[in-house]
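Each residue takes its place number in the sequence, starting with 1.
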Amino acid sequence: MVRLAPAAASRLAPAAAARLSDEARLSDEALLSDEARLSEEAGGWVRAVVPIESVEQACREFLALGADIEVLEPPALRARLAAAARATAALYE
């Protein structure tokens, strides 16, 4: 049985896509499709599948991207990022 590497389906702002590309974490193959690439969202956002080692590791890395990334899947990573963002915002309220 082939085990697929974990990955996070995400929406990336241009700055986040450039940063992940520079870190060799995002390649042309990571973009979901030519259609998704051609139908960029407002502000140049793209949809991509980003390889991750674990939910914990990805949460730490993706928090550094701030509002330049929206994780769509897996649900556990999305929930962990949302909780961390709420906790951080509460510190400043």
Side-chain angles (χ1 to χ4, degrees):
M1 175 167 73
V2 174
R3 183 175 176 189
L4 298 176
S10 307
R11 293 179 59 242
L12 301 168
R19 181 172 169 183
L20 292 175
S21 292
D22 289 347
E23 295 172 1
R25 295 280 313 277
L26 186 63
S27 64
D28 286 340
E29 292 79 30
L31 294 172
L32 288 180
S33 68
D34 288 336
E35 181 179 315
R37 199 175 345 178
L38 294 174
S39 61
E40 289 181 349
E41 299 176 9
W45 285 61
V46 295
R47 291 180 181 254
V49 176
V50 181
I52 62 173
E53 293 176 23
S54 67
V55 168
E56 295 78 18
Q57 168 269 338
C59 185
R60 286 189 304 272
E61 288 190 22
F62 292 168
L63 282 172
L65 297 173
D68 285 341
I69 186 169
E70 177 189 5
V71 171
L72 306 172
E73 294 181 10
L77 177 56
R78 184 175 171 91
R80 178 150 314 173
L81 286 165
R86 282 191 298 274
T88 300
L91 293 171
Y92 295 93
E93 294 178 348

Original post:
Can you name the nearest heavy-atom pair linking Arg78 to Val71, along with the distance?
Top reply: NH1-O, 2.7 Å
Subject >> Point-to-point distance, once rounded to the nearest 0.5 Å, from CZ of Phe62 to CG of Asp68 >> reply: 12.5 Å
**OP:** Looking only at non-hydrogen atoms, find the nearest pair between Pro6 and Glu53 and report the distance.
**Re:** CG-O, 4.1 Å
Subject >> Side chains of Leu72 and Arg47 in contact at under 4.5 Å (non-hydrogen atoms) >> reply: yes
Original post:
How far does CD of Glu93 sit from CZ of Arg86, to the nearest 0.5 angstrom?
Top reply: 11.5 Å
**OP:** Return the minimal non-hydrogen interatomic distance between Pro74 and Ala8, and the atom names on each side.
**Re:** CD-CA, 4.0 Å
Original post:
Going from CD1 on Ile52 to CD on Glu61, what distance comes out if it is rounded to the nearest 0.5 angstrom?
Top reply: 9.5 Å
Subject >> For the student: nearest non-hydrogen atoms of Leu77 and Cys59, plus distance >> reply: CD1-N, 3.7 Å
**OP:** Count the heavy atoms belonging to other residues, nucleotides or ligands that lie under 6.0 Å from CD of Glu73, then report whether that count exceeds 12.
**Re:** no
